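First up is the structure itself, then whatever we jot down about it.
Here is the naming used below: chain letters follow the sequence lines, and residue numbers restart at 1 for every chain. Side chains are part of it too, since the values below use all heavy atoms of this structure and drop only hydrogens, waters and symmetry mates. Since the structure is predicted, the reported quantities are computational estimates derived from the model, not experimental observations.
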Protein chains: 2
Amino acid sequence: MHPLDAATKLETSGDRSRGATSDAYWNFTGPFGGATAATLLKAAMDHPARQNLPLAMTINYCAPVAKGAFDLHVAEKRTNRSTQHFAVEMKQGSDTIITSTLVFAARPEGFLHTPGAMPKVRQPEEIEAPKATAPLAWIGRFDMRFASGFPSMRKDDAAPLGSPRTEVWMRDNPSRRMDFLSLMNMSDAFFARPFHVLGRLIQVGTVSMTTYFHCDEADLAEVGDDYVLGVADASVFAKGYADQAAWLWSRSGKLLATSQQILYFRDKPFVPGGKK
Amino acid sequence: MHPLDAATKLETSGDRSRGATSDAYWNFTGPFGGATAATLLKAAMDHPARQNLPLAMTINYCAPVAKGAFDLHVAEKRTNRSTQHFAVEMKQGSDTIITSTLVFAARPEGFLHTPGAMPKVRQPEEIEAPKATAPLAWIGRFDMRFASGFPSMRKDDAAPLGSPRTEVWMRDNPSRRMDFLSLMNMSDAFFARPFHVLGRLIQVGTVSMTTYFHCDEADLAEVGDDYVLGVADASVFAKGYADQAAWLWSRSGKLLATSQQILYFRDKPFVPGGKK
């Protein structure tokens, strides 16, 4: 079984699902947030009342996910003719760990227009994988080829700040046929923008992330197990929080998803297990 | 009482608040979504357990808000040392009309960096208000000065598509001291991008919107009742939905908020009361 399928595996009974964290996606203090988002998305997709395709998902990381089992509570909030709203919460014991809202929608063909421009970058086959990677399991779950914006550490505070922009070809490692779970997972697979700008490993954590899907199953089938081009950027770092905007493009130029998140950061050395 | 204060007025008892729609913010089929978002934000801010400042809010418009009274259910989901999570739902009778999640956070001073660039545009005093406005009450609740991207109607399908980008100075009308409610309200105060691109009045509606706040009360006090510069853009129109990204800048160059939304659109003439 592919690690992403193992990480998102659930035992479902009615509105409740039970799963467990995956060491294969371990991050600093808990599982990688993208895999957690994919798991909650799967819980909603598996709901017997679910109709149509994922359109939007917001996930709020309320507390670190502890290693081990978790419960997901899926609530169907509203079903219309072509849109449907769910909320999914993760609990560990009586603690609320994650809240999320999801929208599903019918996606008719029709007017198609992409004013956002896919960056012209080298093809992934022309780019080597990074030689050094951090010893975090989740990073190994992606084959990343940086066309621009690989994070570099600053020697000292006199060095200029780094750019918040990254262009990186990504696919699952091992490769896996693209689906909504993988796309949700990838929408969080950018290194934290504060690392890129400040050029040091500081305390960071995503607090809330929203992903919009602009594709249907035929678009995903067209991607297959090919790379997608991820572009990430940021507008502001202020009062302990930074934003991130991201775009995920198929190689053929379809904008599959857009995503945004707000991250906590403190310009202090990373301390495992630190609480916000 | 200012129309925004009247629209967001609530009678609160414990975790429940009761309010009513405001004709002063009426849109095509219900109240303007920005004012509704501000009302749910107020319900969470008024909660006795609320700590610190708004950081992030996601609102899902599940169904049209009917004219009249509504109930808001506020749930405190998790309180950490410096972050706090709420969910607020709007009900009319037993129907779920809106779901939302909100994050509040302490905002310490520290590293400040704004790689996003505020556009250089004419000052609002150099720009006249639009001569023609649609006969919708909510539009009159804003004093808008378009520096670029005022929507223009296309004569026919042979005419080139419009740009999705708008730069518009905005303030409340009548003017009002800026606060988080006003900022939330304004983050939705852009005309729907599909109008701008397709150049005709078609069926549109925001399905989900997320706003991140990058400011504290001192920043808002500095704005006072001055204009803020709103910038809106879009990356994609596909399969019946379009995205929108927005930035709200103070005149002095502080990025007060960023916002994104996904909108339903159908290239059909607008029909009042249409259901998604």
Query raised in the report: Any residues in residues 246-256 of chain A near chain B, with a heavy-atom distance under 4.5 Å, and which are they?
Result: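 Within residues 246-256 of chain A, near chain B: A:W247, A:L255.
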Query raised in the report: Does some side-chain heavy atom of A:F111 sit less than 4.5 Å from a side-chain heavy atom of B:V197?
Result: yes
Query raised in the report: Any donor-acceptor pair under 3.5 Å linking the side chain of B:N80 with the backbone of A:C62?
Result: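 Yes; at least one donor-acceptor contact below 3.5 Å.
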Query - Donor-acceptor contact present, side-chain A:Y212 to main-chain B:Q260, <3.5 Å - result: yes
Query raised in the report: Once you round to the nearest 0.5 Å, how far does CZ of A:R78 lie from CD1 of B:I98?
Result: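 Reported value, rounded in 0.5 Å steps: 10.5 Å.
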Query raised in the report: When rounded to the nearest 0.5 angstrom, what is the spacing between CG in A:N60 and OG1 in B:T83?
Result: 10.5 Å
Less than 4.5 Å to any heavy atom of chain A: does that hold for the side chain of [X], its backbone, both, or neither?
| X | answer |
| --- | --- |
| B:E89 | side chain |
| B:A56 | side chain |
| B:A242 | neither |
| B:T210 | both |
| B:M209 | backbone |
| B:H113 | both |
| B:L55 | both |
| B:P108 | both |
| B:D216 | both |
| B:T99 | side chain |

Query raised in the report: Heavy-atom count around A:R154 CZ within 6.0 Å, excluding the residue itself: above 12?
Result: yes
Query raised in the report: Is the count of non-hydrogen atoms from other residues, nucleotides or ligands lying under 6.0 Å from B:Q51 atom CD greater than 12?
Result: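 Correct, the count exceeds 12.
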Residue, of [options], that accumulates the most heavy atom pairs under 4.5 Å with chain B:
| options | value |
| --- | --- |
| A:A238, A:P194, A:A117 | A:A238 |
| A:Q84, A:R266, A:K77 | A:K77 |
| A:L161, A:V103, A:D233 | A:L161 |

Query raised in the report: What part of A:A106 gets closer than 4.5 Å to chain B, counting heavy atoms only: side chain, backbone, both or neither?
Result: backbone
**Report entry** chain B contact via A:R165 - which portion, at a heavy-atom distance below 4.5 Å
**Finding:** neither
Report task. For B:D243 and A:H214, work out which heavy atoms get closest and say how close. Result ->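 Looks like CB-CE1, 4.0 Å.
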Report task. State, to 0.1 Å, how close A:Y264 and B:S82 come at their nearest heavy-atom pair, and which atoms those are. Result -> CE1-OG, 4.3 Å
Query raised in the report: Do you know which of B:A87, B:P115, B:A105, B:G240 has the most heavy-atom pairs under 4.5 Å to chain A?
Result: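 Of the options given, most contacts go to B:P115.
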Query raised in the report: Quick one: do the A:T258 and B:S235 side chains pair a donor with an acceptor below 3.5 Å?
Result: no
Query - From CA spacing to verdict: side-chain contact (heavy atoms from CB on, under 4.5 Å), B:L112, A:K239 - result: CA-CA 7 Å; B:L112 172 64; A:K239 301 178 210 297; over 6 Å; no
